[in-house]
A.B. asks: 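Pasting a structure below so you can have a look.
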Amino acid sequence: MTAARNAEGQPTAPPPRLPAKLAAHPSVQAVLARRRTGDAGRPPAVIDAAWLRELCLAAGADDVAAVSLDHPDLAGEREHAQSALPGTRTLIAMAVRMNRDNCRSPARSVANQEFHQTDEQANHAARGVTQALQDAGHRALNPSVGFPQEMDRFPHERIWVVAHKTVAVAAGLGVMGLHRNVIHPKFGSFILLVTVLVDAEVSEYGQALDYNPCIDCKLCVAACPVGAIAKDGAFDALACTTHNYREFMSGFTDWAQTVADSEDAADYRSRVSDSESASMWQSLSSPPGYKSGYCLAVCPAGEDVLGPYLDDRKTFMDTVLRPLQDKKETLYVLPGSQAQEYARRRFPHKPVKEVTGGWQPPARRSASTGRETRTS
């Protein structure tokens, strides 16, 4: 018996055995007809790297590199990637540039608008790439650049679907800097990252950089208002998130507890300033605002960024670093923390406010005795 062949003369797979009612459905018949004529061919097993790069750049990315999920540096990502998209073979890392002077502005509304608009651009680019890969016959998925994330997992599991920084470094888009941001060799720290998962290999994968774009200037150390970055490379993630993410998840929890603990409006306003209430309202009504991000703002690394720093380092520090250091702003710290001591010593002109950060459950008061007990 002669096997069925398509228009190119290639043998085609026999039609699936289907129940009569399903086989008679117009959609099913249309799909099977396309298969018989060869109009529904399988996607290529390997995606052409040049085609993929042009696709990503046209979608809005400023740089792109692919990395195999089998890369040794992605061992910790495999389970999560396969859970998000079973059959994932490749991770496509994309970088989208931010406008530098917006990020450097002491006006947080300007800097935060830049962060959030670039977030939107990166998510939009990744969605377009995912759609094009889908149209080419592949299975693909693009997790969010940042928030929203999987809050049902908090606090016992990680809430992000894929670690964009880890993927980008493995793909060769940059190297993690002292400030824990990826530094791109050309665009420096002024990038946001996004990742697309796809169920196929790519003809050429990116290679990790053989040097670190960081110039070891330590300006990120000098700019951080809560001392989260140390000269020796140590990083206090809790100090960073307690202040910088004050109006994100943990800070909102702390604020909500303050509302609940307040006896009345006057008591609430004695605990929370009008400025803080207005800022929290703004973050609840629009994308939440970062309180700092100064480590990124002052970073001079990257070929497109480095020139002004090389030309006149004093002017660079006077116009980029000093305005952020001199700004009068509230710094949020955990009681008794190193961040609290650092902030008071290094920036005495910046008010320091103790907060719980929302990391620990508060004391529970007994309704009958008013006695405080710790929650479990």
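Residues take their numbers from the sequence shown, with the count starting at 1. Every heavy atom of this structure was used, including side-chain atoms; hydrogens, water molecules and symmetry mates were not.
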A.B. asks: Rounded to the nearest 0.5 Å, what separation is found between the CG atom of Leu219 and the OH atom of Tyr294?
C.D. replies: 15.5 Å
A.B. asks: What I'd like to find out is whether the side chain of Val298 reaches to under 4.5 Å of the side chain of Leu324, using heavy atoms alone.
C.D. replies: yes
A.B. asks: Students often mix this up, so state it plainly: with edges at 30° and 60°, are the rings of Tyr268 and Trp255 parallel, tilted or perpendicular?
C.D. replies: perpendicular
A.B. asks: Donor-acceptor check, side chain of Thr90 to backbone of Ser68, threshold 3.5 angstrom: yes or no?
C.D. replies: no
A.B. asks: Quick one, Lys328 and Lys350 - any side-chain contact, counting heavy atoms below 4.5 Å?
C.D. replies: no
A.B. asks: If hydrophobic residues (ILVMFWY) are linked whenever their side-chain heavy atoms come closer than 4.5 Å, directly or via other members, who joins Ile47 in its cluster?
C.D. replies: Trp51, Leu52, Leu55, Val64, Ile92, Met94, Val129, Leu133, Val145, Val194, Val196, Val198, Val202, Tyr205
A.B. asks: Would you check if the side chain of His71 reaches a backbone N or O of Asp73 as a donor-acceptor pair within less than 3.5 Å?
C.D. replies: yes
A.B. asks: So Val333 and Val355, do their side chains get closer than 4.5 Å, heavy atoms only?
C.D. replies: no
A.B. asks: Is any side-chain heavy atom of Pro323 less than 4.5 Å from a side-chain heavy atom of Pro106?
C.D. replies: yes
A.B. asks: Determine whether Asn123 and Ser144 satisfy the following criterion, side chain to side chain contact (heavy atoms under 4.5 Å, CB included), listing intermediate values before the conclusion.
C.D. replies: CA-CA 6 Å; Asn123 279 324; Ser144 170; 4.3 Å; yes
A.B. asks: Can you confirm whether Glu329 is buried at CD, in the sense that more than 12 heavy atoms of other residues, nucleotides or ligands lie under 6.0 Å from that atom?
C.D. replies: yes
A.B. asks: Taking the side chain as every heavy atom from C-beta outward, state whether Pro300 and Cys217 have any atom pair closer than 4.5 Å.
C.D. replies: yes
A.B. asks: With sequence neighbours excluded, give me every ring-ring contact (aromatic ring centres under 6.0 Å, His included) pair touching residues 159-199.
C.D. replies: His184-Phe187
A.B. asks: Decide yes or no on side chain to side chain contact (heavy atoms under 4.5 Å, CB included) for Leu331 and Lys353, but give the supporting numbers first.
C.D. replies: CA-CA 6 Å; Leu331 305 180; Lys353 184 168 185 175; over 6 Å; no
A.B. asks: Is a salt bridge present between Arg97 and Asp62, judged by a nitrogen-to-oxygen distance below 4.0 Å?
C.D. replies: yes
A.B. asks: Can you tell me if CD on Gln207 sees more than 12 non-hydrogen neighbours from other groups inside 6.0 Å?
C.D. replies: no
A.B. asks: Do the side-chain N and O atoms of Glu276 and Tyr332 include a donor-acceptor pair separated by under 3.5 angstrom?
C.D. replies: yes
A.B. asks: Would Asp216 and Lys218 pass as an ion pair if we require N to O under 4.0 Å?
C.D. replies: yes
A.B. asks: Would you give the length of the straight line joining atom CG of Leu197 to atom OG1 of Thr130, rounded to the nearest 0.5 angstrom?
C.D. replies: 8.5 Å
A.B. asks: Could you tell me if the side chain of Asp101 sits less than 4.5 Å from the side chain of Arg104, heavy atoms only?
C.D. replies: yes
A.B. asks: Step by step, work out the side chain to side chain contact (heavy atoms under 4.5 Å, CB included) result for Asp63 and Leu173.
C.D. replies: CA-CA 8 Å; Asp63 200 4; Leu173 282 188; 3.6 Å; yes
A.B. asks: Kindly determine whether Met98 and Ile191 satisfy side chain to side chain contact (heavy atoms under 4.5 Å, CB included), including the steps that lead there.
C.D. replies: CA-CA 5 Å; Met98 292 188 286; Ile191 57 170; 5.9 Å; no
A.B. asks: In the structure I gave you, are the side-chain heavy atoms of Glu247 and Leu284 within less than 4.5 Å of one another anywhere?
C.D. replies: no
A.B. asks: List for me each residue that meets ring pair (Phe, Tyr, Trp, His ring centres under 6.0 Å) alongside Phe316, sequence neighbours excluded, and say none if there are none.
C.D. replies: Tyr309
A.B. asks: Quick one: do the Ser279 and Lys291 side chains pair a donor with an acceptor below 3.5 Å?
C.D. replies: yes
A.B. asks: Can you see whether Asp254 engages Thr356 through a side-chain donor-acceptor pair at a distance of less than 3.5 angstrom?
C.D. replies: yes
A.B. asks: Please examine the side chains of Arg344 and Gln340, heavy atoms only from C-beta on, and report whether any two atoms are closer than 4.5 Å.
C.D. replies: yes
A.B. asks: Distance-only, no hydrogens or angles: does the Ser83 side chain make a donor-acceptor pair with backbone N or O of His80 under 3.5 Å?
C.D. replies: no
